[in-house]
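Notes for the one structure printed next.
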Amino acid sequence: MPTLRVELFAGRTPEQKAQLATELTEACVRVLGGEPAGVDVVFYDIERHNWATAGKLWIESKSSTVEKS
C-alpha cells in the first residue's frame, strides 16, 4: 500500500492533520483496496521562508496570506 507525503505550510493543527490523514487513508482503501493499516501518511511542515513560487519566497509574497499546499 502507499506512503503519502504531504507538504504543507507550517501551522496546521494536529487535529487538522489527523482529519486529513483519516480522509486520505479512506480514499486509498476505497480506490486501491487493502486495509487502512497499509496506508502511511507523512506530514512535512515547511516554513514560508523555505518555500518559493515563481521565484519569490512566500514570506515575501503579497499572496502570503493565501494558503498553498
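Source: prediction; values computed, not measured. Computed over heavy atoms, backbone and side chain alike; hydrogens, waters and symmetry mates excluded.
To the nearest 0.5 Å, atoms CZ (Phe9) and CD1 (Ile46) are separated by 8.0 Å.
By the neighbour-count criterion of 12 heavy atoms within 6.0 Å, atom CD of Gln19 is sparsely surrounded, having that number or fewer from other residues, nucleotides or ligands.
Val39 places none of its side-chain heavy atoms less than 4.5 Å from the side chain of Leu32. Side-chain contact between Val42 and Thr3: present, with at least one pair of heavy atoms (C-beta onward) separated by less than 4.5 Å.
Contact between Cys28 and Leu4 at its shortest, heavy atoms only, is SG-CD1, 3.8 Å. The heavy-atom pair separating Ala10 from Glu47 by the smallest distance is CB-OE2, 3.4 Å. When all heavy atoms of Pro36 and Val29 are compared, the closest pair comes out as N-CG2, 3.7 Å. For the pair Arg5 and Tyr44, the tightest heavy-atom approach, listed with the atom from each and the gap, is CG-CE1, 3.3 Å. Counting all heavy atoms, side chain and backbone alike, Met1 lies closest to Gly34 at SD-CA, 4.2 Å. Summarising the geometry of Leu8 relative to Trp51, their closest heavy-atom pair is C-CZ3, 4.0 Å, with the distance given to 0.1 Å.
Residues meeting the salt bridge (charged side-chain N to carboxylate O under 4.0 Å, His left out) test with Asp45, sequence neighbours left out: Lys17.
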